[in-house]
**Q** 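Structure below; questions to follow.
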2 protein chains.
Amino acid sequence: MTIGEIARRARVSRSTVSYALSGKRPVSEATRLRIQRVIDEMGYQPNASARALARGETRTLGLVFPPASTHYTDMQLDFIGGLVDAAAVRDYDVLMSPGGAEDRTFHRLIGERRVDGAILMEIRLQDARVDRMRATGFPFVTIGRTAQPDGTSWVDLDHGRLVQHCVQHLAQLGHRRLALVNRSEELIRAGYESARRGQDGFERALAEHELTGRSYQCGDDAASGEACVERILSDDPGVTGIVTLNEAALGGLYRGLGTAGREIPRDMSVTGIVGSRWAEAVTPALTAADVPSREMGRIAIDLLLERIGPSAAPLRHRLLTPPISLRASTGPAAP
Amino acid sequence: MTIGEIARRARVSRSTVSYALSGKRPVSEATRLRIQRVIDEMGYQPNASARALARGETRTLGLVFPPASTHYTDMQLDFIGGLVDAAAVRDYDVLMSPGGAEDRTFHRLIGERRVDGAILMEIRLQDARVDRMRATGFPFVTIGRTAQPDGTSWVDLDHGRLVQHCVQHLAQLGHRRLALVNRSEELIRAGYESARRGQDGFERALAEHELTGRSYQCGDDAASGEACVERILSDDPGVTGIVTLNEAALGGLYRGLGTAGREIPRDMSVTGIVGSRWAEAVTPALTAADVPSREMGRIAIDLLLERIGPSAAPLRHRLLTPPISLRASTGPAAP
DNA sequence: TTGAAAGCGGTACCAC
DNA sequence: GTGGTACCGCTTTCAA
């Protein structure tokens, strides 16, 4: 079923059908109705590829994220959900593209103009994908910000400040010896921004509150979390407060503490930056800064559409600092 | 940068450039090299929309899933990850489309021919989307199967059998009074197939082993899990075994049991069908049939590409029955 | 108010 | 081995 077919049956030209559909030119009520009848009868819908070619826009947005070496985290996945839903509301589809800057699929997305704009996840402080995108002038938004965040649109959590808040919370409860459970060594070495900025925030906060503490790298799974607790306690059995950036290791962290005979929050306070689903799944429920993943997805879409549209983009970025939700995993330090 | 531009610079016709790229017609080594040089210089990549229009295929697959009323479960999201990765390996992109049969985005995907084929998630026993797809003759694969599974391609977990295995496992440990923690009331009422077939399997298994038991509907979150435990124990304090289909409520289930003073597995054995990430996150780790979400994604892609390609599709469906991974949450019933 | 026709950027058939 | 050209299906300018 093509527009030509519709035109023939409605005894008008193809252009008239097109205009009847788009409304970009007045069409007499009589012919409009006649055309609409035929369209409904035939169940016609314009071909997206043809339209994209003619209009020069695809009404599709790209989501670029690194291939999952192991698993995606809940945060990432909720974020994707929020993003896709938000795009759908605005009549955009989302094309998923695993792959880094050198990747085939990345080339496909941008180079072949499969999408009108892109969202980049899992940003590193130095990020080749961002550099490439800037060079091409292609509209894009990042989740997370590079070391030079000006000149790009982004939405990000203020991991530095959030970790500081967590430390502050523990400090106010009287804890003096802390540990930070960060993401995996590879991610940190790769310059993964949330891990790096979280770590910086931890160190700053320790200095500020005159506390002692140490950072640990930890894989994104329960077993790593368990192992991490062992390291923490063997390095310094006097630790009474843990801040975690590692959602997927949380269950293991709890188990490790249980195995070591440390009860939460009596013997050990735990807090961190974690999606609410995980925070509420563990017992005792985790006092944490809840990651507003879905909202971040929505914001990313808004920022991107701003840059795609004809209007100048007034707001370029959003730095979020969600409050700490008090649950049950932190308590006063033993005197 | 268009193919015409490349042709001009390489002093050949557009068709020659096209053939040099596709290899569908021999091109002399000399001109091939000349063309390639220009292409590399200019960084040319063919426009996807134009190519899709000319070839009549988009090299894009659609993923249709209901909009997240609340959250996606881990299973769903891991599944998406596996699917996207598998598609990328085969040089396909994946277009995400939240929305049911009546939805705008569903129309867009199929009607506008944005994709060459589609994968439908969250299948119901009677599913309007499946009916529509079959009517259009559009290639598609479902995750989960309808009440009449013949004539469609699908990949599914054998929830009925898996629940039976879980019950059997508990029966062998001497448990006589069981409870099934299913998904939410809405989902079950909507005819959500895994929930329905799981429930059927539970009832069959109870009869087979001459056990008593009861099914519970439970929302996809920790709080619902906690509430569900209360209901179970107030209905029958003698229950010593729980089978759960509800991944997202698992943490709450554990907490509820803890609150009720039931220790796992001493006072209560728990098992079910759950992704390994969740199974390993809880303490004690859950003995469960691990949902192979990522692999299911891969299989779905394979099945779909089979149906899209020119070759006849030999295999139409895959019913998976992963083994129960023994962990730490089940034990013998008290004598 | 409507129609004809020239694009959009490729592909592939028909010639030579 | 290569060039010319008619498509693919839709949008939009130009003309009537």
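The sequence lines fix the lettering, A, B, ..., with proteins before strands; numbering per chain opens at 1.
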**Q** Is the backbone of A/Thr58 close enough, under 3.5 Å, to the side chain of A/Thr60 for a donor and an acceptor to pair up by distance?
**A**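 Yes; at least one donor-acceptor contact below 3.5 Å.
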**Q** Donor-acceptor check, side chain of A/Arg11 to backbone of A/Ala7, threshold 3.5 angstrom: yes or no?
**A**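 Flag not set: sc A/Arg11 to bb A/Ala7 has no pair under 3.5 Å.
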**Q** Do any pairs count as a salt bridge (charged side-chain N to carboxylate O under 4.0 Å, His left out) and have a residue in residues 13-22 of chain B, sequence neighbours left out, and if so which ones?
**A**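 Listed once each, the pairs would be none.
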**Q** Can you check whether B/Arg124's main-chain N or O pairs, donor with acceptor, with B/Asp127's side chain at less than 3.5 Å?
**A**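 Judged by distance alone, yes, a pair lies under 3.5 Å.
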**Q** Under the salt bridge (Lys or Arg N to Asp or Glu O under 4.0 Å) test, which residues partner B/Asp156, sequence neighbours left out?
**A**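 Counting only residues at least two positions away or on another chain, B/Asp156 forms a salt bridge (Lys or Arg N to Asp or Glu O under 4.0 Å) with B/Arg145.
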**Q** How would you label the contact of A/Val12 with the nucleic acid (heavy atoms, under 4.0 Å): base, sugar-phosphate, or nothing?
**A**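 Here A/Val12 touches the backbone only, sparing every base.
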**Q** Tell me which residues in residues 108-115 of chain B put a heavy atom below 4.0 Å from DNA chain C, sorted by number, or none.
**A**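 DNA chain C contact set from residues 108-115 of chain B: none.
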**Q** Would you say A/Glu57's side chain and A/Ala52's backbone share a donor-acceptor pair under 3.5 angstrom?
**A**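 No; zero donor-acceptor contacts below 3.5 Å.
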**Q** Strictly distance-based, threshold 3.5 Å: is any side-chain N or O of A/Thr16 a donor or acceptor partner for the main-chain N or O of A/Val12?
**A**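 Checked: no pair found.
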**Q** Going 5' to 3' along DNA chain C, which are the first and last nucleotides with any atom under 4.0 Å from a heavy atom of chain A?
**A**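 Here the contact window of chain A covers C/dT1 to C/dG9.
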**Q** Indicate yes or no for a side-chain donor-acceptor contact from B/Arg307 to the backbone of B/Phe138 under 3.5 Å, with no hydrogens or angles considered.
**A**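 No; zero donor-acceptor contacts below 3.5 Å.
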**Q** Respond yes when some side-chain nitrogen or oxygen of B/Thr16 is under 4.0 Å from OP1 or OP2 of D/dG3, and no when none is.
**A**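 Looking at the OP1 and OP2 atoms of D/dG3, one of them is under 4.0 Å from a side-chain N or O of B/Thr16.
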**Q** Please identify which of these residues, A/Ile80, A/Val155, A/Ile301, meets the side chain to side chain contact (heavy atoms under 4.5 Å, CB included) condition with A/Ile119.
**A**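 Testing A/Ile119 for a side chain to side chain contact (heavy atoms under 4.5 Å, CB included) against A/Ile80, A/Val155, A/Ile301 leaves exactly one candidate, A/Ile301.
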**Q** With sequence neighbours excluded, what pairs up with B/Asp93 under the salt bridge (Lys or Arg N to Asp or Glu O under 4.0 Å) test?
**A**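 With sequence neighbours excluded, B/Asp93 shows a salt bridge (Lys or Arg N to Asp or Glu O under 4.0 Å) to A/Arg108, A/Arg114, given in chain and number order.
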**Q** With sequence neighbours excluded, what pairs up with A/Arg196 under the salt bridge (Lys or Arg N to Asp or Glu O under 4.0 Å) test?
**A**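 With sequence neighbours excluded, A/Arg196 shows a salt bridge (Lys or Arg N to Asp or Glu O under 4.0 Å) to no residue whatsoever.
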**Q** Are the side chain of A/Ser153 and the backbone N or O of A/Arg316 linked by a donor-acceptor pair below 3.5 Å?
**A**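 Yes, because the side chain of A/Ser153 sits within donor-acceptor range (under 3.5 Å) of the backbone of A/Arg316.
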**Q** Check nucleotides 13-16 of chain D for protein N or O atoms closer than 3.5 Å to its own N or O atoms and list the pairs.
**A**
unit_1	atom_1	unit_2	atom_2	d
D/dT13	O4	A/Tyr19	OH	3.4

**Q** For nucleotides 7-10 of chain D, which of its nitrogen or oxygen atoms have a protein nitrogen or oxygen under 3.5 Å away, and what is each distance?
**A**
unit_1	atom_1	unit_2	atom_2	d
D/dC8	O2	B/Ala54	N	3.4
D/dG9	N2	A/Ala50	O	3.4
D/dC10	OP1	A/Tyr44	OH	2.6
D/dC10	OP1	A/Asn47	N	3.0
D/dC10	OP2	A/Ile3	N	2.4
D/dC10	N4	A/Arg14	NH1	3.1
D/dC10	N4	A/Arg14	NH2	3.2

**Q** Among side-chain atoms of A/Ser28 and A/Thr31, is any donor-acceptor pair under 3.5 angstrom?
**A**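 Note: A/Ser28 and A/Thr31 side chains meet the donor-acceptor criterion.
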**Q** Applying side chain to side chain contact (heavy atoms under 4.5 Å, CB included), can you list everything that pairs with A/Arg189, at least two apart in sequence or on another chain?
**A**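 Applying side chain to side chain contact (heavy atoms under 4.5 Å, CB included) to A/Arg189 gives A/Glu185, A/Glu186.
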**Q** Give the angle between the helix axes at the two ends of the helix from C/dT1-D/dA16 to C/dC16-D/dG1, taking five base pairs at each end and rounding to 10°.
**A**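 What I find for the helix from C/dT1-D/dA16 to C/dC16-D/dG1 is an axis angle of 40°.
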**Q** For residues 19-32 of chain B, which residue pairs pass the salt bridge (charged side-chain N to carboxylate O under 4.0 Å, His left out) check, not counting sequence neighbours?
**A**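 Found B/Glu29-B/Arg32.
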**Q** Report the C-alpha distance between A/Leu95 and A/Leu63 in whole Å, list the side-chain angles of each, state the deciding distance to 0.1 Å, and finish with yes or no for side chain to side chain contact (heavy atoms under 4.5 Å, CB included).
**A** CA-CA 6 Å; A/Leu95 200 57; A/Leu63 178 60; over 6 Å; no
**Q** For DNA chain D, find the residues of residues 31-42 of chain B with a heavy-atom distance under 4.0 Å and give them by number; none if there aren't any.
**A**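 Result for residues 31-42 of chain B: B/Thr31, sorted by number.
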**Q** Flag the pair A/Tyr92 / A/Leu305 as yes when at least one side-chain heavy-atom distance between them is below 4.5 Å, and no otherwise.
**A**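 Yes - at least one pair of side-chain heavy atoms lies under 4.5 Å apart.
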